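The next block holds one structure in the form of structure tokens; read it before the comments.
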Amino acid sequence: MAIRLIDEKCTGCGACESQCPFGAIVIDDCKACITESCTLCGACVSACPFEAIVREEDSPKKTDENKDYRGLWVFIEQENGQARSVSFELLGEGRKLANAMRQDLAAVVIGDRVETLIREAVASGADKVYVVEGPEYSHYDSDAYTTALTDLVNTYRPNVLLLGATINGRDLGPRVACRVETGLTADCTELGVDAETGLVAWTRPAFGGNIMATILCPNHRPQMGTVRPNVFKRPIPDYSRTGEIIRVPSKVKPADLRTTLVNVVNACTAACNLEEAEIIVSGGRGMGKPENFQVIEQLAQVLGAAVGASRAVVDAGWMPHPHQVGQTGKTVSPKIYFACGISGAVQHLAGMSSSDIIVAVNKDPEAPIFKVADFGIVGDVLEILPALTKEFEKRKQA
Ligand SMILES: Cc1cc2nc3c(=O)[nH]c(=O)nc-3n(C[C@H](O)[C@H](O)[C@H](O)COP(=O)(O)OP(=O)(O)OC[C@H]3O[C@@H](n4cnc5c(N)ncnc54)[C@H](O)[C@@H]3O)c2cc1C
């Protein structure tokens, strides 16, 4: 899409300049000039009294050209040869979508020494695995991974490409989408197949979670999206499955890489690694004040758990945002989730209700959290949590 000025019609009246919310138009030499700050919002198109500014849509790719694009791909994200759990969750969901679309499911493994990952990808449902291997992929590098994935897409033409909405996935996805000129829906929480068109229906929260938007990508391929970790369950691996392995030589040269990895600093400790945690102890406004979170941290430490928080607590500045669980925070699916002084608002439940076991501690027996809890304790968090910590500590030492 583009915004174009028809020079002959422009009188330099300045109506567009005053209406542009981004200050992207300047009047230069009695003519409007659209600068790089333009976001294509189109406010200037309706503001111009002389119809001198027009919005031009891209011409859609030919539909028959789209038919050349086949198969649903999942990018397997890894660090030090360890795949992120979201990659297998996407293979599980991808299998269902691929079956519904009657297409193959493929995994894309880019890395160094990735034999185990290939086996795991096939066991988790992939019919094919595209592999690009080399020391240049030993750590995530935007340039190297973008080049490798773009090359694979251009060569093998998948219909759909799914990536985890992790820090790396959200760096890589848009870069590849731009290179291959297609659409990408970020941070999806639901995937489906649109009954009318057969396209992937990508659903994601928008405007702070106030609406759920379902987005289609009708004219461009591959249809791309990043998907939040822990929304889908990881499939049980079946090691008797077999798959086709397609090894593709690396085209990245050292000179192509613009960044050098100097050091890796793990700023996010185990306490905020909520998405991979098996146990989470979460606190809400019922904790009373920020200092009382110590009680949550002590219980978490004994259990080897991560620390979560409700949005009320994050908004109040008691805990930083990476700890927030819920619709506008992280989606988690641990084995055990402790909800302490959390009322159980729908927006909080949206991020944790798929936990295997939920334990709620709340002084109000009518709190909605008890409706989803497997175990409930009615009482004051400041009495119950230290007692639990003491008891778990005793059992650990026994
Ligand atoms: C668009 C939108 C998006 C949102 N996204 C999120 C999100 O991602 N995550 C999220 O969490 N919320 C989200 N919210 C906010 C959500 O609606 C609730 O306001 C929030 O979850 C409430 O947090 P809370 O349970 O900590 O606090 P409260 O609702 O105030 O509940 C506190 C609970 O603590 C109990 N309590 C009080 N004192 C004690 C005590 N001494 N011992 C034991 N229990 C005690 C009370 O009985 C009460 O049940 C969102 C809201 C909107 C509109």
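For ligands, and for the atoms within them, numbers begin at 1 and follow the listed sequence. What you see is a predicted model; the values in this text were computed from it and never measured. Along the sequence shown, the residues carry numbers beginning at 1.
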Task: Qualifying residues under salt bridge (Lys or Arg N to Asp or Glu O under 4.0 Å), relative to R234, sequence neighbours excluded - done: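 Salt bridge (Lys or Arg N to Asp or Glu O under 4.0 Å) check on R234 returns nothing, list empty.
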
Task: Q301 atom CD, over 12 foreign heavy atoms within 6.0 Å - done: no

Looking only at non-hydrogen atoms, which of [options] approaches [atom] most closely?
atom	options	answer
atom 41 (N) of ligand 1	T328, L382, D380	D380
atom 52 (C) of ligand 1	K363, Q347, E383	Q347
atom 39 (C) of ligand 1	A360, S343, G286	G286
atom 23 (O) of ligand 1	P205, G351, A312	A312
atom 9 (N) of ligand 1	V378, V325, D315	V325
atom 49 (O) of ligand 1	V381, N362, D364	N362

Any atoms of ligand 1 less than 4.0 Å from a non-hydrogen atom of [X]? List them with their elements.
X	value
G284	26 (O)
S310	11 (O), 23 (O), 24 (P), 26 (O)
G329	8 (O)
G379	42 (N), 43 (C)
G341	26 (O), 32 (C), 33 (C), 34 (O), 44 (N)
A345	16 (C), 17 (O), 18 (C), 21 (O)
G326	7 (C), 8 (O), 9 (N)
Q327	7 (C), 8 (O)

TODO: Would you kindly say whether D238 and S240 are connected by a side-chain donor-acceptor distance under 3.5 Å?
DONE: yes

Any salt bridge linking [X] with [Y]? Criterion: basic side-chain nitrogen under 4.0 Å from a carboxylate oxygen.
X	Y	value
K96	E93	yes
K233	E89	no
E115	R247	yes

Task: Closest non-hydrogen atom pair, G329 against R228 - done: O-NH1, 3.2 Å

Task: Heavy-atom closest contact (V314 atom, H321 atom, distance) - done: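 Taking every non-hydrogen atom into account, CG1-CA, 3.8 Å.
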
Open item on the list: Checking contacts here: is it the side chain or the backbone of Q324 that comes within 4.0 Å of ligand 1, counting heavy atoms only? Could be both or neither.
Closed with: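 Within the 4.0 Å criterion, Q324 contacts ligand 1 through side-chain atoms alone.
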
- [ ] Could you list the residues that satisfy ring-ring contact (aromatic ring centres under 6.0 Å, His included) with F293, not counting sequence neighbours?
- [x] none

Open item on the list: Taking the side chain as everything from C-beta on, heavy atoms only, tell me whether L105 gets closer than 4.5 Å to K128.
Closed with: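 Result no, sub-4.5 Å side-chain heavy-atom pair not found.
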
